[in-house]
Number of protein chains: 2
Amino acid sequence: MGFQETFKALSDPTRREILHILRDGAKTAGEIGSHFSMTGATISHHLSVLREAGLVIDDKRGKCIYYELNLSVLDEITGWIAGLRGESSDEK
Amino acid sequence: MGFQETFKALSDPTRREILHILRDGAKTAGEIGSHFSMTGATISHHLSVLREAGLVIDDKRGKCIYYELNLSVLDEITGWIAGLRGESSDEK
DNA sequence: GCATTATTTAGAATTTCATCTAAATATCAG
DNA sequence: CTGATATTTAGATGAAATTCTAAATAATGC
C-alpha cells in the first residue's frame with residue numbers, strides 16, 4: 001500500500017523482471033529464481049518487497065509457494081502520472 | 001536515461017513532489033527549494049537526478065535556472081505498465 | 001520419525017542514497 | 001572590481017538497500 005512502497009518496489013530491475021516473468025501465469029519462488037543468478041534467499045527478499053507493495057500475491061500449495069501478479073496497484077501509479085499531465089490530482 | 005534512471009528518480013517522495021510543484025509552469029531552483037525544509041544543495045541534487053532521468057529540463061535565464069517538466073519520458077513507464085497487462089512488451 | 005525439497009529468516013558485508021556543511025562558480029548591480 | 005544573490009560541486013556521514021551464507025521452518029515421501 002502507498003505510493004512509496006510501490007515506486008520503491010518498481011525501482012529495482014530484478015523486481016521489474018520478476019513481474020515480467022509472471023505475466024503469463026503464477027510461478028513458484030523456485031521457478032522465478034531459476035531465471036536469475038542470485039541465491040534463493042535474495043529472490044525471496046525481492047518477492048517479499050513485491051508482496052508488501054501489493055504487486056504480487058502468494059498462494060501456498062503444498063510444498064511450493066506460487067506467486068502471481070496483482071496489477072490493480074499499478075492503477076495508482078498510472079493515476080499519479082495522469083495527474084502530472086494537467087489533471088488535478090492532490091497526491092504527492 | 002532509460003527505465004532504471006526514470007524509476008529510480010520517481011522512487012523518492014521529494015522528487016515526486018518537485019514534479020508535482022512544476023505542474024503549473026517552470027520555476028527556479030530557489031522557488032522549488034522554498035517548498036521544502038532542506039538545503040539548497042540537497043534540492044540541487046534532486047533536480048540533477050530528475051534532469052538526468054529526462055523528467056525535467058533546465059533553462060538558464062540570467063541569474064536563475066528555471067526548471068520545467070518534461071513528461072514525454074513517462075510514456076516509457078506507462079508503456080511498460082501496459083506491457084505487464086498482457087501486451088507483448090519485451091522491455092525489462 | 002528421518003531425510004529431502006522449497007522457501008524464508010537472521011545476520012553480516014558492501015554498495016547506494018539522501019542529506020548536510022563548506023567551498024566553488026556564475027551573474028548581476030553599483 | 002566588489003559585494004550580493006543563485007545554484008552547483010565536493011566531500012563527509014548516517015541510513016537504507018542489495019546480496020550473500022548459514023540456519024530455521026514447513027511439507028512430502030519412505
Side-chain angles (χ1 to χ4, degrees), chain A residues 1-22 25-70 73 77 92, chain B residues 1-22 25-70 92:
Chain A
M1 21 147 153
F3 269 16
Q4 190 48 31
E5 267 164 309
T6 311
F7 273 115
K8 267 276 159 60
L10 291 174
S11 75
D12 181 88
T14 300
R15 289 193 288 265
R16 287 198 305 277
E17 194 165 351
I18 289 173
L19 294 180
H20 206 256
I21 288 169
L22 291 177
K27 288 194 168 49
T28 68
E31 285 172 337
I32 294 165
S34 70
H35 287 77
F36 301 92
S37 54
M38 293 173 193
T39 64
T42 299
I43 297 298
S44 177
H45 162 71
H46 285 306
L47 287 171
S48 85
V49 173
L50 290 170
R51 178 164 17 87
E52 277 157 35
L55 286 160
V56 300
I57 53 183
D58 58 342
D59 177 18
K60 187 165 209 162
R61 293 208 288 266
K63 215 182 336 192
C64 297
I65 300 178
Y66 283 80
Y67 282 88
E68 192 172 357
L69 279 183
N70 178 36
V73 182
I77 302 293
K92 302 189 192 71
Chain B
M1 13 161 153
F3 269 19
Q4 189 49 27
E5 267 163 309
T6 311
F7 273 115
K8 266 277 158 58
L10 291 174
S11 75
D12 182 85
T14 300
R15 290 194 288 265
R16 287 198 305 276
E17 193 164 351
I18 289 174
L19 295 179
H20 207 256
I21 287 168
L22 291 177
K27 288 194 168 48
T28 68
E31 286 171 335
I32 294 165
S34 69
H35 287 77
F36 301 92
S37 53
M38 294 172 192
T39 65
T42 299
I43 297 298
S44 178
H45 161 71
H46 285 306
L47 288 170
S48 85
V49 173
L50 290 170
R51 177 165 18 85
E52 277 156 35
L55 285 161
V56 300
I57 53 183
D58 59 340
D59 176 20
K60 187 165 208 161
R61 293 208 288 267
K63 215 188 323 197
C64 296
I65 300 178
Y66 283 81
Y67 282 88
E68 191 172 358
L69 278 184
N70 178 35
K92 304 192 189 66

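A, B, ... follow the sequence lines: proteins, then strands. Residue 1 opens every chain. Just so it is clear, the structure is predicted and the values come from calculations on it, not from any experiment.
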Could you give the [atom1]-to-[atom2] distance, from [X] to [N], as a whole number of Å?
X	N	atom1	atom2	value
A:I65	D:dA26	CD1	P	11 Å
B:K60	D:dA6	NZ	P	14 Å
A:Q4	D:dA16	CD	P	12 Å
B:K63	D:dT5	NZ	C1'	4 Å
B:F7	D:dT18	CZ	C1'	18 Å
B:R51	D:dT7	CZ	C1'	11 Å
B:R61	D:dT7	CZ	P	12 Å

Does anyone know the first and last nucleotide of DNA chain C in reach of chain A, 5' to 3', at under 4.0 angstrom to a heavy atom?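 Nucleotide range in contact with chain A: C:dT5 to C:dT9.
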Residues A:L10, A:L19; criterion side-chain contact (heavy atoms from CB on, under 4.5 Å); working and verdict: CA-CA 9 Å; A:L10 291 174; A:L19 294 180; 3.7 Å; yes
Just checking [X]: base, sugar-phosphate only, or nothing, at a heavy-atom cut-off of under 4.0 Å?
X	value
B:G40	base
A:H45	base
B:Y67	sugar-phosphate
B:S48	nothing
B:Y66	nothing
A:A41	base

Determine, step by step, whether B:I32 and B:L47 satisfy the side-chain contact (heavy atoms from CB on, under 4.5 Å) criterion, reporting the C-alpha distance in whole Å, the side-chain angles of both residues, the deciding distance to 0.1 Å, and the verdict. CA-CA 9 Å; B:I32 294 165; B:L47 288 170; 4.0 Å; yes
Can you sort out the partners of A:H46 under side-chain hydrogen bond (donor to acceptor under 3.5 Å, both in side chains), two or more places apart, ordered by chain and number?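 A:H46: side-chain hydrogen bond (donor to acceptor under 3.5 Å, both in side chains) contacts with A:R15.
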Pairwise 5' ranking along DNA chain D for A:T14 and A:G62, keeping only the more 5' one: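 The residue mapped nearer the 5' terminus is A:T14.
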Establish, with yes or no, whether the OP1 or OP2 oxygen of D:dT18 is under 4.0 angstrom from a side-chain nitrogen or oxygen of A:R15.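 Looking at the OP1 and OP2 atoms of D:dT18, one of them is under 4.0 Å from a side-chain N or O of A:R15.
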Would you indicate, yes or no, if D:dC20 has its OP1 or OP2 atom less than 4.0 angstrom from a side-chain nitrogen or oxygen of A:T42?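 Yes.
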I would like to know whether A:E68 and A:D59 meet side-chain contact (heavy atoms from CB on, under 4.5 Å); could you show each step before the answer? CA-CA 8 Å; A:E68 192 172 357; A:D59 177 18; 5.5 Å; no
